[in-house]
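So the structure is just underneath, and the comments pick up after that.
Keep in mind that the numbers below use all heavy atoms, side chains included, and drop hydrogens, waters and symmetry copies. The chains referred to below are lettered A, B, ... by the order of the sequence lines, with proteins before strands, and numbering in each begins at 1.
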Amino acid sequence: MELSSRYNPNEVEEKWYKHWESNNYFKSTPDDREPFTILIPPPNVTGVLHMGHMLNNTIQDVLIRKARLEGKNACWVPGTDHASIATEAKVVKKLRDEGIKKSDLSRDEFLNHAWEWTDNYGGIILQQLKKLGASPDWDRTVFTMDDVRYKSVIKVFVNLYKKGKLYRKNRMVNWDPKAKTVLSNEEVLYSEENSKLYYVRYRLENSDDYITIATTRPETILGDTAIAVHPEDERYAHLKGSRAIVPLIDKPIPIIFDNYVDKEFGTGALKITPAHDPNDYEIGEKHKLEIVNILNDDATISPAGQLYIGESRFNARKLIVSDLEEKEFLVKTEDLVHNVGRSERTNVLVEPRLSLQWYVDMKSLAAPALAAVENNEINFYPEKYKNTYRHWMTNIRDWCISRQLWWGQRIPAWYYNEDVFVAETEEEAFKLAQEKYGNGISRDDLKQDEDVLDTWFSSWLWPISVFDGFESREDLSYYYPTSVLVTGWDIIFLWVARMIMAGYEWENTFPFKDVYFTGMVRDKKRRKMSKSLGNSPDALKLIEDYGADGVRFGMLSCSPAGGDLLFDDKLVENGRNFSNKIWNAVRFIKGLKIDQSLETPAKNQLAQDWITSQLNKTILGLNDSFKTYRISEALMNLYTFIWNDFFSWFIELIKPEYGKPIDRGTYDFCIQLFETCCTLLHPFMPFITEEIWHQIKDRKEGEDCINSQYPEAGLIDDRLISDFNLLKSIVSNVRDIRNKNQMPPKEQIDVAFINNPEIDACMVRNGFREALLHKAYLKSFEGHETGEKIDGISFICGKTKFFAQIQKELDVEEEITKLEEELKYQQGFVVSVEKKLSNERFVNNAPEAVVEKERKKLSDGQARIDAITKLLEKLRKG
RNA sequence: GAGACUGUAGCUCAGUUGGUUUAGAGCAUUACCUUGACAGGGUAGGGGUCGGGGGUUCAAAUCCCUCCAGUCUCACCA
């Protein structure tokens, strides 16, 4: 069959993906093999594939395919996350676009819309993963809100409550006024932003004097219930017992004294708004101050604020500033840069707010989870994230898990007046209530908590819940603990740490053995790729343009564990070029005519022996790289082997003269080598390897690259490799000489050398001379006892001196200069070695092997100097 | 404010417990080649006093101290 001169990924990728699926290669059921399990970090159910997913899932696919080839029972579980807050926000927006307000809907009506949305758009992202070549067991697809996972969450909530590890408390929380829900500390992102510091004066009661405070939030003046100063601040000592009048609303408030106040900041006087600042709240509690909440749940001013009612907090600020200015309460305004927190999901400014929420007591959960990472029961790659993890775990704070949303698992708590009953079902809760209050209580008296649970409260159970582990042990006991988690370091607290805690809490062991942290995908300017910046390439378009293999190669070739991937089209271009290179190499070998009667030439045999050793060396290196998740390194080593060793050196060596046939032995060897390379490369580039696998041989049903056997490394002949390196080096030198003298690269020349044991050993090797003549286009390659009578441009490889006898007037001056430079370098080298060796302490203290190495370096160096000196003498004599 | 990490070629990074020439790879770059698998190719170069300065050692990119620069995490002062 005629092959196109270009590899066309689009034609083959879909074909093979279908083939794999219909042959059930991705499927896994427990058996007696060793399991290798990966759980996908579930993407948002309504999400669309972006670069981060592509990188993340490509790495998982590499690991899972490698395990599959190694004969393990590879199980990759796919799934999606209901992403409570993000999805609810999307549904709310969609409804608003249709003219429907969430507040006009009942809970059930809203949930119907949300499910409809999920059913329509959910799982698109999983379909997109297929384009990338991802090979999870699709039959195992799960969703954090499906029945099984829902039940797991409820069970766990009740279980924690019974263990006394859950509590409900009124405290200052992070409030997202857009989503109208509380957020956990981890869902708030802080950044420095420009803002203003307003100096506002408050008149003192029964006086014409003023006290001036500084604030960044003048709108909260409406909720002021005190002014605080430092007890030792002499400026304000005389104000003990006085009161100040809040501007505009003319409300008298006490002046209090508290160590919390920083005398140096602003005026040293601080307004206290207990309802809208965590520190103010604490001070308020301490001094028993009144709490005036002036904001609604959407951060508009409430009637309690008296002024600007219904205005947004930002408008209210503008209005109050201009009113304060007009009435001469505003003293001055300064620029200020300070840290503000924004909601991770909606990006709006987080509002501190006092409210009653559910919390998980994290201290007891954290202890075993911290220990597990500290003593390497769980390994982090790269290891540096252990520090981050330790720091967070040792300063862990309780986890706020309730959310004022509808999309999610509804909290299984029922209230009767002030009393709470936590149970898996309303039925049980009712029973509990009856036990306590007798039969007089009716079911309608119980009110279920309106809130749902944080999304992460379902995802932290992922390693257990995907196997329905809270209900059945069947799959769990086989697959758990999983092998490795591949995820971004940005969710180390939100997800990774909590999964570890859950693992120890309910399974008494780690949920995964290794964690591979991927970096963030950034653009060339190191900006994180994001939709809002518009700097993220369209993932599917990229696959279309460069092929899934090209994209996979591009991303993997440049993404060390934990390091960011600086994305550049160049990377995927390289991937595409590599595919094309492989394609054409196959095309070339397949296009050769085979002569059955031909003996394998000695040079071909040499080439085969050499590349076999080189291959084995590469396999060892790959195994090593995989062990520590150095995926880029593994791929690059394989790339170098295939392109440089196999294609550039091996194929060029065995290439018959144009139009001539090749011997059967070498041909078969080539096909075999291609086959091995397919298997080795398959985890990284699954499609092209499967295609070539089938191009090079007729295959039986079920004999596919995806389920081939991963090769073991055989013997490595180091001596052969080093001899071959000398050959390569001679060839390069000859090419360089041709290059520099503007000779056609294929013009044959004579090369002479001076005999010594090193080159002699190579020359007796069968095929060495033949290979050299072939590769370097030499007319002759002859040894001499001395260099006295040989002409030509000299060069040195190893310890041997060579002369390229080109048909060109030798520029003696140039040759001398070149040699002198070389001599200088060698002398410098020898001096440094001599210095080491003449140091008695070195000779006495260093291990014998090291000293021996230095001695060898010295003698080799001296031999080279000797050779160069003789050459120089000869040239100078003319 | 507390802590962690990083600094090696123009760019992205290797360099494994100090010891294979006076430091490597890929990409980029330069010169040359090119109608016979591949111009998405081939060949050969150039390019780094390993952030600066001290110290330990026979020996330091590698260990210690210090300074400089950058990144990140946590906590937060209105």
How far does the [atom1] atom of [N] sit from the matching atom of [M], given to the nearest Å?
N	M	atom1	answer
B:rG26	B:rC68	C1'	30 Å
B:rG47	B:rU30	C1'	11 Å
B:rG3	B:rU49	C1'	34 Å
B:rU62	B:rG51	P	8 Å
B:rG53	B:rU17	C1'	27 Å
B:rU66	B:rC5	P	14 Å
B:rA61	B:rA23	P	9 Å
B:rU22	B:rU12	P	28 Å

Pair [X]-[Y], side-chain donor/acceptor within less than 3.5 Å:
X	Y	value
A:Asp335	A:Asn194	no
A:Arg630	A:Thr628	yes
A:Glu192	A:Asn339	no
A:Ser184	A:Glu187	yes
A:Asp258	A:His287	yes
A:Lys386	A:Asn376	yes
A:Asp224	A:Thr273	yes
A:Tyr546	A:Glu573	no

Hey, does [X] reach any base, or is it just sugar-phosphate, or nothing, if we go heavy atoms under 4.0 Å?
X	result
A:Arg738	nothing
A:Leu566	sugar-phosphate
A:Glu652	base
A:Arg397	sugar-phosphate
A:Asn574	sugar-phosphate
A:Val586	nothing

Check the phosphate of [N] against [X], side-chain N and O only, distance under 4.0 Å to OP1 or OP2. Yes or no?
X	N	result
A:Lys581	B:rG42	yes
A:Tyr190	B:rC72	no
A:Lys570	B:rA28	yes
A:Arg526	B:rU12	yes
A:Arg630	B:rG15	yes
A:Ser557	B:rG26	no
A:Trp643	B:rG42	yes
A:Arg735	B:rA44	yes

Under 3.5 Å for both donor-acceptor distances, Watson-Crick or wobble: does [N] have a partner, and if so which one?
N	value
B:rU20	none
B:rU57	none
B:rA25	B:rU12
B:rG7	B:rC68
B:rC50	none
B:rC38	none
B:rU73	B:rA2
B:rU62	none

Least distance between heavy atoms, A:Ser632 atom then A:Leu556 atom: OG-O, 2.5 Å
Which one, [options], comes nearest to the side chain of [X]?
X	options	answer
A:Asn739	B:rU43, B:rA75, B:rG45	B:rU43
A:Asn644	B:rA37, B:rU12, B:rG26	B:rG26
A:Arg587	B:rU12, B:rU73, B:rC38	B:rC38
A:Asn584	B:rA37, B:rC5, B:rC27	B:rA37
A:Ser732	B:rC27, B:rU43, B:rA44	B:rA44
A:Asn339	B:rC5, B:rG15, B:rC76	B:rC76
A:Lys655	B:rA37, B:rC5, B:rC74	B:rA37
A:Asn577	B:rG41, B:rU43, B:rC74	B:rG41
A:Phe493	B:rC74, B:rG45, B:rU12	B:rC74
A:Asn580	B:rC76, B:rG40, B:rA4	B:rG40

May I have the distance from [X] (atom [atom1]) to [N] (atom [atom2]), rounded to whole angstrom?
X	N	atom1	atom2	result
A:Lys775	B:rG42	NZ	P	11 Å
A:Arg576	B:rC38	CZ	P	17 Å
A:Met636	B:rG24	CE	C1'	13 Å
A:Ile692	B:rA37	CD1	C1'	12 Å
A:Ile631	B:rA25	CD1	P	23 Å
A:Ile642	B:rA25	CD1	P	19 Å
A:Asp545	B:rG40	CG	C1'	14 Å
A:His338	B:rC76	NE2	P	15 Å

With RNA chain B as reference, determine whether A:Ser648 or A:Ala269 sits nearer its 5' end, using the nearest nucleotide of each. A:Ser648
Go nucleotide by nucleotide along RNA chain B from the 5' end; which of A:Lys384 and A:Ala585 gets its closest nucleotide reached first? A:Lys384
Look at the rings of A:Phe493 and A:Trp392 and say which category their plane angle falls in: under 30° parallel, 30 to 60° tilted, over 60° perpendicular. parallel
